[in-house]
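In this chain, numbering begins with 1 at the start of the sequence shown.
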Amino acid sequence: MRLPHFRRGLALFAAAAIGLVPLASRAEGKISIAQQFGIGYLILDVVRDQQLIEKHGKQQGIDIQVDWASISGSTGMNEALLAGALDVVSAGVPPMLTLWDRTRGKQNVKAVAALGSLPNYLLSNNPKVKTLKDLSDKDRIAVPAAGVGFQSRTLQIETARVFGKDDFKRFDTISVSLPHPEATAALIAGGSEINTHFSSAPFYYQALAANKNVHKLISSYDILGGPATFNVLYTTQKFHDENPKTYKAFYAALVEAAQLVKADKARAAEIFIRVQKSKLAPELVRSIVEDPENDFTVSPHRTFVYAEELQKLGVVKNKAASWKDYFFEEAYAQPGS
């Protein structure tokens, strides 16, 4: 019952934002950014905490007003971006590619930068479930955005490989939209219909540590063939073109934040806890930041695997020639795939 209320609230938020800041009058020196929850957004937490956008704006001679928002789920992100309520949003690679595909020749949405390569784990507390082939209509898989989000699209790619292209939506019917914190609590407690969860950090760390019955079936890295970008930032061609100094300052801030995380993981962990007001144990947060599986980088990794596989499944209609087709040119300075 929460989703209708959320969607109405988002629509009101979007309308209010448009009313207060008409798109035609947006001036250089303003940027509104939305992020979701979890340590996958650490680079943005550092940008925010260290006021790096403002810093790089001043280096170009402009004062930048930065507005931050938090939205759970790619659907809300995409609606807000297209409504003009937000300038930059963040979500998984598949939702970004879907919007790139659907807005070509119109808003021309493209990615700004990656936010890091972090795996997602498909977990289950059902001892009978060891692989995808063991899942049945009695199981329920929790994902943030059933059928369309990062986790569902990643699962669809693996499902097509295991069961055939025509059956790639096999598990959509047993998928349930549920935020990661609630899904994690259900998996740890047991006894509910939610016995499987496609989980991101820090949530899979918590579930695996708290319940001995929770185990990993497969990870997104397994599905994609190695380390791969989890979340990306994306915006419209209009914002990119009409705000060159603001955009340049934003991208430079992201690069500096990624460098800070790599150089001082302990400090980065402290920033995450402070900005997110996290109640996680500092030791756990630091262990996640230091986990070699997690690479907090603005360089895209294996995003083109998604572009190719989703195009084969018909989820994305337009065929990309390379990752550069759906990233703005500023990202070309970094290595990518």
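- Side-chain atoms of His215 come within 3.5 Å of backbone N or O of Asn213 as a donor-acceptor pair.
- No path of Ile, Leu, Val, Met, Phe, Trp and Tyr side chains, each step under 4.5 Å between heavy atoms, connects Ile157 with Tyr221, placing them in separate hydrophobic clusters.
- The two atoms that bring Leu123 and Tyr204 nearest to each other are CD1-CB, 3.7 Å, heavy atoms only.
- The shortest distance between side-chain heavy atoms of Thr131 and Val162 does not fall below 4.5 Å.
- For NZ of Lys216, the number of neighbouring non-hydrogen atoms (other residues, nucleotides, ligands) closer than 6.0 Å is greater than 12.
- When all heavy atoms are compared, the tightest approach of Leu42 to Ala268 is CD1-O, 3.5 Å.
- In terms of modelled atom types and a separation under 3.5 Å, the side chain of Asn125 and the main chain of Leu187 share a donor-acceptor contact.
- Tyr205 is not connected to Ile188 by any chain of hydrophobic side-chain contacts under 4.5 Å among Ile, Leu, Val, Met, Phe, Trp and Tyr, and they are in different clusters.
- Under the 3.5 Å distance criterion, with hydrogens and angles disregarded, no donor-acceptor pair is assigned to the side chains of Gln35 and Asn231.
- In this structure, CG on Leu44 lies 12.5 Å from CG on Asp49, to the nearest 0.5 angstrom.
- Taking 4.5 Å as the limit, every side-chain heavy atom of Ser220 sits out of range of all side-chain heavy atoms of Gln151.
- Using a 4.5 Å heavy-atom cutoff, the side chains of Ile194 and Val176 are in contact.
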**OP:** Please report the C-alpha distance between Asp63 and Lys58 in whole Å, then the side-chain angles of each, then the deciding distance to 0.1 Å, and finally whether the side chain to side chain contact (heavy atoms under 4.5 Å, CB included) criterion is met.
**Re:** CA-CA 6 Å; Asp63 292 321; Lys58 289 183 185 300; 2.9 Å; yes
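- Asp101 and Thr98 are not linked by any side-chain donor-acceptor pair at a separation below 3.5 angstrom, with hydrogens and angles left out of the test.
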Check residues 248-258 and write down every donor-acceptor pair under 3.5 Å in which the side-chain atom is one partner and the other belongs to a residue at least two apart or another chain.
{"from": "Glu256", "atom 1": "OE1", "to": "Lys55", "atom 2": "NZ", "distance (Å)": "3.1"}
{"from": "Glu256", "atom 1": "OE1", "to": "His56", "atom 2": "NE2", "distance (Å)": "2.7"}
{"from": "Glu256", "atom 1": "OE2", "to": "Lys55", "atom 2": "NZ", "distance (Å)": "2.8"}

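- To the nearest 0.5 Å, atom CG of residue Leu260 and atom CD of residue Gln50 are 6.0 Å apart.
- Applying the 6.0 Å contact sphere to NZ of Lys262 captures more than 12 heavy atoms from other residues, nucleotides or ligands.
- Asn318 places none of its side-chain heavy atoms less than 4.5 Å from the side chain of Gln311.
- Using modelled atom types, one finds a donor on one side chain and an acceptor on the other under 3.5 Å when comparing Ser32 with Asp87.
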Residues 330-337, side-chain donor-acceptor partners within the protein, below 3.5 Å, at least two apart:
{"from": "Glu330", "atom 1": "OE1", "to": "His240", "atom 2": "NE2", "distance (Å)": "2.9"}
{"from": "Glu330", "atom 1": "OE2", "to": "His240", "atom 2": "NE2", "distance (Å)": "3.2"}
{"from": "Tyr332", "atom 1": "OH", "to": "Lys324", "atom 2": "O", "distance (Å)": "2.7"}
{"from": "Tyr332", "atom 1": "OH", "to": "Phe327", "atom 2": "O", "distance (Å)": "3.3"}
{"from": "Ser337", "atom 1": "OG", "to": "Arg302", "atom 2": "N", "distance (Å)": "2.8"}

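- The closest donor-acceptor contact from the side chain of Asp222 to the backbone of Ile218 lies at 3.5 Å or more, if one exists at all.
- Looking at Pro300 and Val232, their side chains never come closer than 4.5 Å, going by heavy atoms from C-beta outward.
- Between the side chain of His180 and the backbone N or O of Pro202, no donor-acceptor pair lies under 3.5 Å.
- Side chains of Asp139 and Asn126: a donor-acceptor N/O pair is present below 3.5 angstrom, by distance only.
- Closest of all the heavy-atom pairs between Pro119 and Asn294 is CD-OD1, 3.3 Å.
- At least one donor-acceptor pair closer than 3.5 Å links the side chain of Gln60 to the backbone N or O of Lys245.
- Contact between Ala142 and Ala183 at its shortest, heavy atoms only, is CB-CB, 3.5 Å.
- A distance of 12.0 Å separates CG of Asn211 from OG1 of Thr184, quoted to the nearest 0.5 Å.
- Closest approach of Leu115 to Ser90, counting heavy atoms only: CD1-CB, 4.2 Å.
- For the ring-ring contact (aromatic ring centres under 6.0 Å, His included) with Phe230, the lone residue among Tyr121, Tyr306, Phe150 that qualifies is Phe150.
- Atom CZ of Arg102 is surrounded by 12 or fewer heavy atoms from other residues, nucleotides or ligands within 6.0 Å.
- Residue Leu99 holds its CG atom at 4.5 Å from CG of Asn78, rounded to the nearest 0.5 Å.
- Looking at Ser117, its side chain never comes within 3.5 Å of a backbone N or O of His301 through a donor-acceptor pair.
- Note: Tyr326 and Trp100 have perpendicular aromatic rings, judged against thresholds of 30 and 60 degrees for the angle between ring planes.
- Across all non-hydrogen atoms, the minimal contact from Gly29 to Thr246 is N-OG1, 2.8 Å.
- Residues Phe203 and Val285 do not share a hydrophobic cluster, defined by chaining ILVMFWY side chains whose heavy atoms lie under 4.5 Å apart.
- Side-chain contact between Ile71 and Gln36: absent, with no pair of heavy atoms (C-beta onward) separated by less than 4.5 Å.
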Original post:
Should Leu122 and Leu132 be marked as a side chain to side chain contact (heavy atoms under 4.5 Å, CB included) after you check the CA-CA gap, both sets of side-chain angles, and the distance that decides it?
Top reply: CA-CA 9 Å; Leu122 183 61; Leu132 292 189; 3.5 Å; yes
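- A salt bridge does not link Glu283 to Arg286: none of the charged nitrogens lies less than 4.0 Å from a carboxylate oxygen.
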**OP:** Check the pair Ile288, Phe272 against side chain to side chain contact (heavy atoms under 4.5 Å, CB included), reporting the backbone distance first and the verdict last.
**Re:** CA-CA 11 Å; Ile288 294 172; Phe272 169 80; over 6 Å; no
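- Looking only at side-chain heavy atoms (C-beta outward), Gln156 and Lys169 come within less than 4.5 Å of each other.
- A donor-acceptor contact shorter than 3.5 Å is absent between the side chain of Asp45 and the backbone of Ile271.
- Judged purely by atom type and a 3.5 angstrom limit, Lys317 uses its side chain to pair as donor or acceptor with the backbone of Gly314.
- Both Ile43 and Leu280 belong to a single network of hydrophobic side chains, linked directly or stepwise wherever heavy atoms of I, L, V, M, F, W or Y lie under 4.5 Å apart.
- Looking at Asp241, its side chain never comes within 3.5 Å of a backbone N or O of Lys238 through a donor-acceptor pair.
- When side chains are defined from C-beta on, Phe171 counts as touching Leu135, because their heavy atoms get closer than 4.5 Å.
- A donor-acceptor contact shorter than 3.5 Å links the side chain of Arg153 to the backbone of Gly147.
- Salt bridge status for Lys110 with Asp325: absent, with no side-chain N to carboxylate O gap under 4.0 Å.
- Ion pairing between a basic and an acidic side chain is recognised when a charged N comes within 4.0 Å of a carboxylate O; Lys312 and Glu309 show such pairing.
- The OH atom of Tyr41 sits 13.0 Å away from the CD1 atom of Ile39 when rounded to the nearest 0.5 Å.
- Note that OG1 of Thr229 is 10.0 Å distant from CH2 of Trp323, once rounded to the nearest 0.5 Å.
- Tracing side-chain contacts under 4.5 Å through hydrophobic residues (I, L, V, M, F, W, Y), one never reaches Val148 starting from Ile174; they form parts of separate clusters.
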